[in-house]
Amino acid sequence: EVQLVESGGGLVQAGGSLRLSCAASGFNFDVYAITWFHQAPGKERKGVSCLGRSEGRTTYADSVKGRFTMFSDIATNTAYLQMNNLKPEDTGVYYCATRQVSTCSYWDGPYYTYDWWGQGTQVTVSS
């Protein structure tokens, strides 16, 4: 059974930092690409970053480039999202997701193209 468990969310002031974790199990963590999504209050989920296994690099949404860094630890099957210089518009629930592909092609497409999701972790950035 595939499981993704996010943690690390919380309340932080604008300009602050948080590190989110996504603990994965039940699939080939070093084969499938991993994606972080952000769902702001009242809005659809949008892709934040994707770590592609076959291409060996990470792709970011324009809104987070230079502020967020995604990486993973194969030894512990954990993906991370380091978020720096947080802004109030970063507020929302963050989810990690995966599907049975190793690349980040169309990574920021509709959320229903992903097979497995975590329960999400809440991030609140105060101004």
Side-chain angles (χ1 to χ4, degrees):
E1 179 187 5
V2 173
Q3 286 194 325
L4 299 168
V5 180
E6 302 95 334
S7 61
L11 173 63
V12 64
Q13 289 188 332
S17 298
L18 283 173
R19 177 176 290 185
L20 306 184
S21 300
C22 171
S25 62
F27 66 100
N28 293 326
F29 183 74
D30 58 344
V31 173
Y32 295 167
I34 300 286
T35 301
W36 282 99
F37 282 82
H38 169 225
Q39 187 164 20
K43 296 188 177 181
E44 290 188 352
R45 296 180 193 186
K46 291 187 176 181
V48 173
S49 65
C50 177
L51 194 157
R53 296 305 186 186
S54 60
E55 59 267 55
R57 62 183 179 88
T58 306
T59 304
Y60 298 94
D62 288 342
S63 60
V64 305
K65 282 180 182 177
R67 300 189 298 123
F68 291 10
T69 302
M70 181 180 179
F71 57 99
S72 69
D73 183 343
I74 299 297
T76 61
N77 282 6
T78 304
Y80 298 93
L81 185 67
Q82 177 67 42
M83 307 188 295
N84 297 330
N85 191 21
L86 283 160
K87 303 177 180 180
E89 52 263 42
D90 295 321
T91 292
V93 180
Y94 285 77
Y95 301 88
C96 60
T98 191
R99 53 191 176 181
Q100 297 182 69
V101 295
S102 61
T103 75
C104 290
S105 297
Y106 306 106
W107 69 278
D108 56 349
Y111 68 90
Y112 51 78
T113 63
Y114 282 78
D115 300 309
W116 298 288
W117 293 83
Q119 83 289 350
T121 186
Q122 175 71 43
V123 171
T124 303
V125 184
S126 63
S127 56

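What you see is a predicted model, and the numbers here were worked out from it, not measured in a lab.
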Practice problem: For A97 and L4, work out which heavy atoms get closest and say how close. | Solution: CA-CD1, 3.8 Å
Quiz item: Does a donor on one side chain sit under 3.5 Å from an acceptor on the other, for Y106 and T113?
Solution: no
Quiz item: Are the side chains of D108 and K46 in touch, meaning some heavy atoms are under 4.5 Å apart?
Solution: no
Quiz item: Do V123 and H38 pass the side-chain contact (heavy atoms from CB on, under 4.5 Å) test, and can you show the C-alpha distance, the side-chain angles, and the key distance before you say yes or no?
Solution: CA-CA 10 Å; V123 171; H38 169 225; over 6 Å; no
Exercise. Say whether I74 and W36 are linked into one hydrophobic cluster, either directly or through other cluster members, by side-chain heavy-atom distances under 4.5 angstrom.
Key: yes
Practice problem: Please check if V64 and Y80 belong to a single hydrophobic cluster, counting links between Ile, Leu, Val, Met, Phe, Trp and Tyr side chain heavy atoms closer than 4.5 Å. | Solution: no
Practice problem: Would you check if the side chain of S105 reaches a backbone N or O of T103 as a donor-acceptor pair within less than 3.5 Å? | Solution: no
Quiz item: Quick one: which of M83, E6, Q39, R45 gives a side-chain contact (heavy atoms from CB on, under 4.5 Å) with Y94?
Solution: M83
Exercise. Identify the two heavy atoms, one from C104 and one from T59, that lie closest to each other, and give their separation to 0.1 Å.
Key: CB-OG1, 4.5 Å
Quiz item: Does R53 count as lying over the ring of F29, i.e. NZ or CZ under 6.0 Å from the six-ring centre, within 45 degrees of the axis?
Solution: yes
Quiz item: Would L86 and L81 show up in the same hydrophobic cluster when neighbours are defined by side-chain heavy atoms closer than 4.5 Å?
Solution: yes
Exercise. Please name the pair of heavy atoms, one in T69 and one in Y60, separated by the smallest distance, quoted to 0.1 Å.
Key: CA-OH, 3.3 Å
Quiz item: Which atom pair, heavy atoms only, marks the closest approach of V125 to T91?
Solution: N-OG1, 2.9 Å
Quiz item: What is the minimum heavy-atom distance between T98 and A33, and which atoms define it?
Solution: OG1-O, 2.8 Å
Quiz item: About how many Å separate CZ of F68 and CG of L18, when rounded to the nearest 0.5 Å?
Solution: 9.0 Å
Self-check item: Nearest heavy atoms of T58 and S49, plus distance in Å
Solution: CG2-CB, 4.4 Å
Quiz item: Is V48 reachable from Y111 through a run of hydrophobic residues whose side-chain heavy atoms are each under 4.5 Å from the next?
Solution: no
Quiz item: Y114, V2: one ILVMFWY side-chain cluster at the under-4.5 Å cut-off?
Solution: no
Quiz item: Roughly how far, to the nearest 0.5 Å, is CD of Q3 from CD of Q119?
Solution: 10.0 Å
Quiz item: Below 6.0 angstrom between ring centroids: does that apply to W117 and F37?
Solution: yes
Quiz item: Would you call Y32 and W116 a side-chain contact if the rule is heavy atoms closer than 4.5 Å?
Solution: yes
Practice problem: Could you check K87 against D90 for salt bridge (charged side-chain N to carboxylate O under 4.0 Å, His left out), going step by step and ending with a plain yes or no? | Solution: CA-CA 5 Å; K87 303 177 180 180; D90 295 321; over 6 Å; no
Exercise. Report the distance from atom OG of S17 to atom CG of N85, rounding to the nearest 0.5 Å.
Key: 8.0 Å
